[in-house]
Number of protein chains: 2
Amino acid sequence: MKKAGNCDLKTCFLCQHSIPEWIAAVSDHRQHLFFKKNETIFQEGSPVKGIFFLYDGKVKVHKQWGPDKELIVRFAQQGDILGHRGLGSGERLYTVSATAVEDTTVCYTELAFFEASLKVNPNLSLKLMQFYADELQEAERKMRNLVHMDVKSRLADALLELSRLHKALHFTISRQDLASFSGTTYETIYRNLQEFIAEKLITVEGRAITILSEKKLRKYIA
Amino acid sequence: MKKAGNCDLKTCFLCQHSIPEWIAAVSDHRQHLFFKKNETIFQEGSPVKGIFFLYDGKVKVHKQWGPDKELIVRFAQQGDILGHRGLGSGERLYTVSATAVEDTTVCYTELAFFEASLKVNPNLSLKLMQFYADELQEAERKMRNLVHMDVKSRLADALLELSRLHKALHFTISRQDLASFSGTTYETIYRNLQEFIAEKLITVEGRAITILSEKKLRKYIA
DNA sequence: GTTTTAATATGATTTAGATCATATTTTTGC
DNA sequence: GCAAAAATATGATCTAAATCATATTAAAAC
């Protein structure tokens, strides 16, 4: 991680939802940080010191289980907030880790400043609440999928979500991450990817995946 | 469901976090509703019309899958909010159902009034946000458990959570609900309950469960 | 208060998917 | 640029838990 030039005060969640009078304060308190691919932004279990606003790049948000098992809870992209789970009422420890999966730029502010921002900008609280509500819904949908859908369907769901995230039918992801995101193992993902390739729903070249038929993939989910 | 006498304007989430000047408005806009055990409070897929504040009783919040599979996402109790997931940015449809598991009294306000309340009471937004943050954390923890823990551990976790909810080592729940809450089937719960009984960690009489050793149960989770 | 319906008990069978094993290829750190 | 580490490929094996089947009991509805 290293410090970088400053943001445009327009793109991030904080600036977008703050009143104009507050932007100057934001300018004083934010820090622009740069993380290389695979760098850790924050780690599960460590104390929450601030909030991150994703400016550019992609980040995986994940939970560890034992030494070698993980679950990717979501992928974050431009405009998203990171570290906001620490705002809950319990101990202020991150309950997830965040790792850059591309070179990533974030805007960072200390927790105290962000909490002040919430007080000053009612709209910010409102938007953040909405953001939470959406995430919660998605988390609950995923829980249901984990319990009731088989791996192939969950993989289809994961591929479609990645496509949405990248705003393209083409994207890059390791099979390992795809497994952690679908809630299964590498081997099972490998086999199911083979099946999707055989069915001509996708094309794979190394880590690059191209969706050939969104429609047929979607059928696996229903 | 039937209407009931009014609430004390002190207990529910809305009243607790509204400024004193707003309580009169709340008094004008809330409705006190009574639901008998097993009655549906709202149904997944139907439009969100209002927000419910749980005043007394217990409610299960669940998602359906096909005709005969469900997942219980959480249990709500006194002081909790219901229907708040509808506040997200998407379509205003409930993404979960809520069903009373005991006779239950709730305070109800229409969505528009609640949204006005959020604007007027910054502290309400803040507290709601905190509530969301906590729920999100819990949902993510559950996701990880579903992926990485076996059924017996998830059952132990569910039993401990129910104990916390009831603030007692003794509580009542159907095996069916226990299965939906642990993300598994009735038969599997039945067998694992037998094992816990044999290990003398719990005692069961009909639907009544008593935890004998919280400590040993907890060991299954780590 | 009896019929219907839902919940429970419990064994037998099946299966999806985890785990193991091993070889090969790709990345990445020094 | 090379060694070490991580990711990938792929078959073989194992197992937890789902499904099926059937009997019994309890709860809810008419």
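The structure displayed is predicted, hence computed values, not measured ones. Proteins come first, then strands; the chains are lettered A, B, ... in the order of their sequence lines, and each starts at number 1.
- Of all the residues in residues 189-202 of chain A, A:R191 reach under 4.0 Å from DNA chain C with at least one non-hydrogen atom.
- Remark: A:T188 is in phosphate contact with C:dA18, judged by side-chain N or O atoms under 4.0 Å from OP1 or OP2.
- Residues of residues 142-160 of chain B that place a heavy atom closer than 4.0 Å to DNA chain D, in numerical order, are B:D150, B:V151.
- Ion pairing between A:E199 and A:K216 fails under the 4.0 Å rule for side-chain N and carboxylate O.
- The side chain of A:Q176 places no N or O atom within less than 4.0 Å of a non-bridging phosphate oxygen (OP1 or OP2) of D:dA6.
- We find that A:R164 and A:E214 are not joined by a salt bridge, their nearest charged nitrogen and carboxylate oxygen being 4.0 Å or further apart.
- Which of C:dA7, D:dT8, C:dA21 sits closest to the side chain of A:E187 comes down to C:dA21.
- For B:T185, a side-chain nitrogen or oxygen approaches OP1 or OP2 of D:dA18 to under 4.0 Å.
- Rounded to an integer number of Å, the gap from CG of A:N38 to C1' of C:dT26 is 13 Å.
- Note: A:F75 and A:F181 have perpendicular aromatic rings, judged against thresholds of 30 and 60 degrees for the angle between ring planes.
- Neither OP1 nor OP2 of C:dT26 sits under 4.0 Å from any side-chain N or O of A:R207.
- Rounded to a whole Å, the OH atom of B:Y186 is 4 Å from the C1' atom of C:dT8.
- Between the side chains of B:T105 and B:H32, not a single donor N or O lies within less than 3.5 Å of an accepting N or O.
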(request) Could you walk me through whether B:E161 and B:R154 pass salt bridge (charged side-chain N to carboxylate O under 4.0 Å, His left out), step by step? (result) CA-CA 10 Å; B:E161 194 167 331; B:R154 297 205 311 265; over 6 Å; no
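- Taking the charged nitrogens against the carboxylate oxygens, A:E140 and B:K142 have no contact shorter than 4.0 Å, which rules out a salt bridge.
- Spacing between atom NZ of B:K36 and atom C1' of D:dA29 amounts to 12 Å, rounded to whole angstrom units.
- In this structure, the CD1 atom of A:I173 is 19 Å from the P atom of C:dT26, given to the nearest Å.
- By the 4.0 Å N-to-carboxylate-O rule, A:E110 lies too far from A:R30 to be salt-bridged with it.
- Salt bridge status for A:D157 with A:K152: absent, with no side-chain N to carboxylate O gap under 4.0 Å.
- Side chain to side chain, A:S180 and A:D177 fail the donor-acceptor criterion of an N or O pair below 3.5 Å.
- Regarding A:K37, its NZ atom lies at a distance of 11 Å from the P atom of D:dA7, rounded to whole Å.
- Computed from coordinates, the A:R175 CZ to C:dT27 P distance equals 11 Å when rounded to whole Å.
- Heavy atoms of B:K69 sit under 4.0 angstrom from primed sugar atoms or phosphate atoms, though from no base atom.
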